[in-house]
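Take a look at the structure set out below.
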Amino acid sequence: MKIDRIETIHLRFEYADGFLYAGGKCTARVTSLVLVHTDDGRTGVGAVYSHPGLVELVVKKQLEPLLVGDDPTDTETLWWKMYRLTRWYGRKGAAMSALGGIDTACWDLKGQAAGKPVWKLLGGSTPSCPAYASALLWKTPAELGEEAGTLIEKGFRRVKMRLGRGDDYDRPAVLAVRKAIGANNDVMCDGSMRYSLDAARELGKFLAEQRVFWFEEPFEPEAIDDYAALRGTIGIPLAAGENEFGLQGFRELLRAKAVDIVQPDVCRCGGLTEAKRTADLAREFGARVAPHTWSDAATVLANAHLVGSIDHGVTVEVDQTGNPFIEELLEEPLRVVDGRLQLSDAPGLGIRLKQSTLDRYRLSDPDTLPDGSYSDMVFGKKYLV
Ligand SMILES: [Mg+2]
């Protein structure tokens, strides 16, 4: 089996109203799929979230010519080949995410060729993994309570909410969600990088009183000393890593004893190969792994295969903000039963893309992305906070 060509499919969905979050005003969602086609007619699927124009440039202009003719199942060799080519302008950011999309697609092919699901190739034994609903953006406490209740009714046992809006908002918001989900379900709180160390300490103690499952990313990713100072002082786990790339970045976090839970994202941090390396390193440091996951259902599955294969995998994130690339991208929609995302025994990643969704949302020119579009960051000056 050899790589014949690599295809990119960029998708964009425009909201009627959009939503406000800590980074700005989101009016549309974008994601990029990377399809690795082989000479024997197979297709592996990976995903990337970054600016589609950057993904297009790196995948089509740089990496596809490098990889055509190679064996896609040789994931380790291919990963280093891609990394070495992009190292001088990559290592963190778009190039790392883009090579990761190809790497993840190659893992899909590796599973298909072996006739095994990726979770099994990685050493897992159960076709499911814990999952949590990621939603609860900045809304009134009453709206948050109602939404949290709905998420529990859908089968989730953990929900994540966004804070970072100030004390007047944060505390009533947490109380509303805790009340709505009851004592037997979990809530996580995302700080969206908006706290000082002192403010995070104060809020962290309140979150511990509310038995919050983890406190996520109170600081910017560069503020490793602040993470290290906070960790262990608030009585609940500290989680971070969605804005980190590559093993080297996570090694720095772990060496500094800055986090209890690392959040690498297969579709951002450098692919399944790099996320697995990160998980292995986390184990050495006694840290747990809960991948960040956001833009599409292919991403959810890729991260879920990793979580389901490691015993220090905590849970996988499932966007529940009304994103068609979660709800409508797959022929068989994601299924969460009693807090667990169901995986299958299908070879590879088990991703079957729904053609009608690809046709409906395909972005014709990845370079001309309308402002307000969002791929875990908002593009366009007037939409930024
Ligand atoms: Mg987050």
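For ligands, and for the atoms within them, numbers begin at 1 and follow the listed sequence.
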**Asked** Residues in side chain to side chain donor-acceptor pair (under 3.5 Å) with K60, at least two apart?
**Response** E64
**Message:** For Y132, give me all partners under side chain to side chain donor-acceptor pair (under 3.5 Å), at least two apart in sequence or on another chain.
**Reply:** K160, E317
**Item:** Joint hydrophobic cluster, V30 plus V300, side-chain heavy atoms closer than 4.5 Å
**Value:** no
Can you list, pair by pair, the side-chain donor-acceptor contacts under 3.5 Å of residues 244-256, counting residues two or more places apart and other chains?
residue : atom : partner : partner atom : Å
E244    : OE2  : K92     : NZ           : 2.7
Q248    : OE1  : R91     : NH2          : 2.4

**Message:** For F219 and Y227, I'd like to know if the aromatic rings sit close, meaning centre-to-centre distance below 6.0 Å.
**Reply:** yes
**Asked** Can you list the protein N, O or S atoms less than 2.8 Å from the Mg ion (ligand 1)?
**Response** D190 OD2, E216 OE2, E242 OE1
**Item:** Salt-bridge contact D338-R157 (side-chain N to carboxylate O under 4.0 Å)
**Value:** yes
